[in-house]
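Reviewing the structure listed below.
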2 protein chains.
Amino acid sequence: MERVLTAKGAATRQRIVEGAAQLIRVEGVQNVGLDDIRGASSTSKSQLFHYFPDGKADLMFAVAQYEAGQVIADQMPQLGDLTTWRKWQAWRRRVIQIYDAQRQACALSALTSQLGTANPATRDIVNALTDEWHAYLAAGVRALKESGEIDARVDVAKSAAAILAAVTGGATLLQSTDRLSYLEDALTEALDGLRRPRR
Amino acid sequence: MERVLTAKGAATRQRIVEGAAQLIRVEGVQNVGLDDIRGASSTSKSQLFHYFPDGKADLMFAVAQYEAGQVIADQMPQLGDLTTWRKWQAWRRRVIQIYDAQRQACALSALTSQLGTANPATRDIVNALTDEWHAYLAAGVRALKESGEIDARVDVAKSAAAILAAVTGGATLLQSTDRLSYLEDALTEALDGLRRPRR
DNA sequence: GCTACTCTGGACCTAGCGGTCCAATCTAGG
DNA sequence: CCTAGATTGGACCGCTAGGTCCAGAGTAGC
């Protein structure tokens with residue numbers, strides 16, 4: 001695809017992606033059709049296929065990429081600076097605040113389950129996101145370890161994975177039960193677990 | 001709904017639900033049409049609407065109920081007898097084994113995200129499942145506490161919630177990244193965390 | 001200002017799929 | 001057996017929504 005986009009074209013494309021993302025957050029993926037997106041982004045059918053030649057799948061892929069980027073961006077700057085225990089707590093509050101605000105509107109999970117986990121392109125997006133997120137958390141755990149705030153025997157990678165799973169699970173449960181407490185408890189336990197002395 | 005079902009009718013209805021559940025596990029909800037279900041269950045269109053008058057939504061609801069029951073049933077008998085540390089470990093192995101086997105085929109998550117988290121009927125199913133699962137875990141944590149295997153200061157409800165979130169998160173990550181390690185690490189950390197001394 | 005290419009509008013097409021209908025066929029109970 | 005109601009088969013319908021097409025407007029570079 002050697003597409004040449006003018007500034008105007010790029011802006012339109014971006015408007016489509018953001019409009020679609022917004023709609024999907026509110027309505028859910030399968031309740032959003034191309035005509036809805038067309039309406040929301042003030043474009044025409046031909047523009048949708050002009051910028052996304054492979055149609056809806058192509059567009060949904062772009063939206064998934066956009067949303068994956070948002071996941072990390074939303075947690076900044078806290079996620080990028082987990083160097084002290086206090087900063088970990090700040091991040092925890094930030095995460096809870098984010099998911100509390102969006103509630104059911106977790107676009108990414110909807111998208112990935114919609115685009116099909118079998119789709120390799122979709123999986124690449126999620127894998128990249130997961131890896132990046134894990135790397136930030138691992139860096140934070142390592143920092144605590146090196147500063148002596150937590151036990152030296154802590155397995156950095158595994159702890160980071162467990163914390164990531166806690167957030168994911170808490171968010172999933174929030175989405176399906178509309179209760180925030182799972183996310184709060186899961187994060188509290190996961191972080192407290194870091195500090196408890198090993199035996 | 002004063003439906004009168006003969007034994008034969010009930011069997012057909014059950015065949016439809018199980019056939020649909022099976023198909024959905026493999027293909028994903030939105031890739032399964034009524035004609036697919038008809039084929040898989042060796043029925044006709046009229047039978048689908050005979051047993052599920054409100055159409056596809058009605059059928060999907062029945063499938064979700066069926067799958068929710070499977071989640072708990074699959075973890076038995078281990079989940080029902082978490083009275084010692086060794087039994088917790090056995091449950092952990094069981095959970096990992098289950099999700100390792102089904103991989104992407106977590107039908108429930110697909111269904112709930114598909115039926116819409118907004119749908120109150122769907123939410124009731126998931127809430128009931130979550131509550132039941134949490135109750136089993138809480139009973140297990142309480143048993144450990146009473147037998148003195150873990151610290152008396154452990155908050156039973158919160159610990160159970162954290163463990164549940166660990167499983168959920170691990171399963172979600174397994175589904176989207178196809179890596180089992182998140183579930184393993186999350187469960188390991190959540191359970192180890194229980195045993196670590198409080199400060 | 002010419003030209004080539006991008007950008008835009010919207011009518012139109014079509015397949016798939018949920019849903020309807022009715023006639024035929026079993027089956028339980030008297 | 002007889003009959004009312006449950007069960008079954010499958011043709012048919014109509015809408016939704018993704019996708020196509022082409023003509024016209026805008027724009028960058030020469």
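Here is how names work: the chains are called A, B, and so on, in the same order as the sequence lines, proteins then strands, and each is numbered from 1. In what follows, every heavy atom counts, from backbone to side chain, and hydrogens, waters and symmetry copies are set aside.
A/T12 has a side-chain polar atom (N or O) that falls below the 4.0 Å cut-off from OP1 or OP2 of C/dT8. The phosphate of D/dT7 has OP1 or OP2 within less than 4.0 Å of a side-chain N or O from B/T6. Put simply, A/Y51 has no side-chain N or O that comes within less than 4.0 Å of OP1 or OP2 on C/dT6.
The distance between atom CG of B/L59 and atom P of C/dC17, rounded to the nearest whole Å, is 15 Å. Rounded to an integer number of Å, the gap from CG of B/D58 to P of C/dT20 is 12 Å. Straight-line distance from the CG atom of A/L48 to the C1' atom of C/dC7: 13 Å, rounded to whole Å. Atom CG of A/D35 and atom C1' of D/dG18 are 9 Å apart (whole Å). Remark: P of C/dC12 and CZ of A/F49 are 18 Å apart, rounded to the nearest angstrom. Atom pair B/M60:CE and C/dG18:C1' shows a separation of 12 Å (rounding to whole Å applied). Rounded to a whole Å, the CZ atom of B/F52 is 15 Å from the P atom of C/dG18. Here D/dC22 presents its P atom at 17 Å from NE2 of A/H50, a figure rounded to the nearest Å.
We find that A/R196 and A/E189 are joined by a salt bridge, their nearest charged nitrogen and carboxylate oxygen being less than 4.0 Å apart. We find that B/R38 and B/D35 are joined by a salt bridge, their nearest charged nitrogen and carboxylate oxygen being less than 4.0 Å apart.
Using a 4.5 Å cut-off on side-chain heavy atoms (C-beta onward), A/Q70 and A/E67 make contact. Side-chain atoms of B/K56 and B/I37, non-hydrogen and from C-beta on, never get closer than 4.5 Å to each other.
Here the side chain of B/L34 is nearest to one of C/dG18, C/dC7, D/dT8, namely C/dG18. Nearest nucleotide to the B/K56 side chain, out of C/dG19, C/dC7, D/dG18: C/dG19.
Listed in residue order, the members of residues 37-47 of chain A having a heavy atom less than 4.0 Å from DNA chain D are A/K45, A/S46.
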Derivation and outcome, side chain to side chain contact (heavy atoms under 4.5 Å, CB included), residues A/Q175 and A/Y99: CA-CA 9 Å; A/Q175 204 178 335; A/Y99 285 99; over 6 Å; no

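If you find the closest nucleotide of DNA chain C to B/K8 and to B/G55, the one lying nearer the 5' end belongs to B/G55.
The side chain to side chain contact (heavy atoms under 4.5 Å, CB included) test applied to A/N31 returns A/E27, not counting sequence neighbours. Residues forming a side-chain hydrogen bond (donor to acceptor under 3.5 Å, both in side chains) with B/S46 (at least two apart in sequence, or on another chain): B/S44.
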